[in-house]
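Numbered from 1 within each chain, the chains take letters A, B, ... in sequence-line order.
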2 protein chains.
Amino acid sequence: MTQERRKFRREGEAQRQGDLIAAALDLIAEGGPQAATVRAIAQRAGVTPGLIRHYFRTKEDLIGAAYAQFVRRMAEDHSATLEGAGPDPLARLARFVWRALCPPLTDSRTVGLWAGFLHLVRNDPRMRNIHRTGYLSFRDPLESLIGECLAATGRSLPPRQLQAEAIAANALIDGLWLEGSVLPEDFQPDELPRLGVEKVGALLGLPLTDHLEDMQ
Amino acid sequence: MTQERRKFRREGEAQRQGDLIAAALDLIAEGGPQAATVRAIAQRAGVTPGLIRHYFRTKEDLIGAAYAQFVRRMAEDHSATLEGAGPDPLARLARFVWRALCPPLTDSRTVGLWAGFLHLVRNDPRMRNIHRTGYLSFRDPLESLIGECLAATGRSLPPRQLQAEAIAANALIDGLWLEGSVLPEDFQPDELPRLGVEKVGALLGLPLTDHLEDMQ
DNA sequence: CCCGAAATTATACGCTTGCAGAATTACCGG
DNA sequence: CCGGTAATTCTGCAAGCGTATAATTTCGGG
């Protein structure tokens with residue numbers, strides 16, 4: 001009884017690469033890099049292991065491509081949240097903070113990916129650059145928004161102090177993001193984004209809570 | 001030529017377990033869980049792989065013990081920082097925040113361990129409990145300190161709002177801890193703890209910066 | 001001084017891993 | 001409808017993994 005060869009369909013390069021990257025990200029998010037074996041990735045992508053080497057020179061290349069996509073998606077998703085917002089800087093800042101603390105940015109998958117990639121990022125300068133790009137693409141818009149808000153309320157700061165405000169606000173968001181993602185059952189729905197908007201406002205002395213109704 | 005057996009010295013159980021745990025933590029901090037193989041741990045501890053199974057029933061047990069020690073050390077180190085402080089609640093809170101953002105709590109090793117353990121913590125309820133213990137042993141004292149400070153300045157909050165303040169302050173500290181640990185070259189020495197004390201003060205409306213001279 | 005218990009090493013096994021190359025199959029252009 | 005191309009599967013390999021167990025060495029007590 002010769003068992004027959006598995007049937008398959010041909011797909012384009014972009015499709016298959018996308019499938020493989022998505023599978024790798026899923027596995028890393030759930031179980032860390034150790035869970036993303038060549039065989040597991042292939043199985044989740046619905047192909048056989050050998051195909052990976054047809055689209056990526058090595059497994060490390062695939063992981064690198066996956067990280068790049070992860071960072072790019074995060075940045076795109078979040079910068080897109082400002083498009084629907086009006087012109088009022090305070091409303092825009094409130095929305096920016098709120099959205100940073102909602103899914104998909106705040107969920108266990110994201111922090112799982114973040115932690116899973118940390119050591120790869122640390123030990124590979126190429127990945128380190130990808131990381132920095134993503135970090136700044138989050139902090140820079142935040143700094144601009146804060147600057148606009150302060151200017152709108154009559155205050156304005158020298159660049160260095162403005163940057164410090166952005167770092168602190170960003171840290172507050174990051175910390176809430178971290179806690180909410182790691183211990184999700186400790187927070188009620190909306191508690192985290194609400195807390196974020198409220199406390200970033202307190203940090204900067206801005207009445208952000210006035211814009212809470214616009215959310216959700 | 002029969003190559004001779006390796007010489008060795010007998011050590012007590014505590015000593016060897018400690019060595020093995022330390023070796024495992026080193027490896028996880030540097031390269032994540034995947035770097036902490038039985039053979040690598042043994043080599044770094046200066047013994048042969050078989051010995052691990054003499055002191056730990058399984059590798060998973062060793063990793064669990066390592067995580068427990070890591071969490072315990074962090075909590076001990078940090079709660080010890082309050083012992084040298086005076087009775088003034090404001091000074092105590094300032095010191096608490098300052099110390100949380102200095103080495104050894106803020107360094108790349110700590111965040112490396114934190115990230116390395118994340119997925120193990122997620123998927124193992126026993127480790128999850130260890131984690132929660134450590135997290136609360138940090139947040140609870142913070143909440144008490146904030147309560148004392150607010151009481152001392154005449155304000156006092158219902159428990160629920162006090163807890164929210166503690167969560168936010170803790171998040172701010174966590175976020176700064178994260179950023180400082182991941183991108184250490186982006187911050188000058190003392191910039192991070194100084195920022196932390198200043199911004200936690202801003203968050204709570206407390207004059208914490210008055211106590212900055214006592215640090216260092 | 002030596003003997004027994006326990007600490008430590010050595011060896012081996014079955015399994016998984018990433019990678020390589022040959023074999024096969026699906027699909028497109030004629 | 002058919003042939004060529006390349007997308008995909010299949011098989012195999014060497015290395016590394018955690019674990020099990022037997023063989024040795026150390027060292028304190030008689």
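- No hydrogens or angles were tested; on distance alone, nothing pairs the side chain of B:Arg39 with the base of D:dG16 as donor and acceptor under 3.5 Å.
- Although no hydrogens or angles enter the test, the distance criterion places a donor-acceptor pair under 3.5 Å between the side chain of B:Thr106 and the main chain of B:Ala100.
- Between A:Gln34 atom CD and C:dG18 atom C1' the separation is 16 Å, expressed in whole Å.
- DNA chain D is contacted by both B:Thr58 and B:Arg9; B:Thr58 maps to the nucleotide lying nearer its 5′ end (nearest heavy atom per residue).
- The OH atom of B:Tyr55 sits 18 Å away from the P atom of D:dA20 (whole-angstrom rounding).
- Atom pair B:Asp19:CG and C:dA7:C1' shows a separation of 14 Å (rounding to whole Å applied).
- Under 4.0 Å is where a charged nitrogen must lie from a carboxylate oxygen, and between A:Glu60 and A:Arg126 no such pair does.
- Rounded to whole angstrom, the span from the CZ atom of A:Arg10 across to the P atom of C:dA26 amounts to 9 Å.
- Contact check on B:Asp19 versus B:Arg44 returns no salt bridge, with no Lys/Arg side-chain nitrogen under 4.0 Å from an Asp/Glu carboxylate oxygen.
- In this model, the phosphate group of C:dT8 is not approached by any side-chain N or O of B:His54 to a distance below 4.0 Å at OP1 or OP2.
- Residue A:Ile52 contributes atom CD1, which lies 9 Å from atom P of C:dC19 at whole-angstrom precision.
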Problem set entry | Test side-chain hydrogen bond (donor to acceptor under 3.5 Å, both in side chains) applied to B:Thr110 and B:Asp107, step by step | CA-CA 6 Å; B:Thr110 307; B:Asp107 66 355; 2.6 Å; yes
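- Contact of A:Arg5 with D:dT9 (side chain to base): a donor-acceptor pair of N or O atoms is detected under 3.5 Å.
- When the P atom of C:dA7 is taken as reference, atom CZ of B:Phe56 falls 14 Å away, rounded to whole Å.
- Of the candidates D:dT21, C:dT9, C:dA12, the closest approach to any side-chain atom of B:Leu51 belongs to C:dT9.
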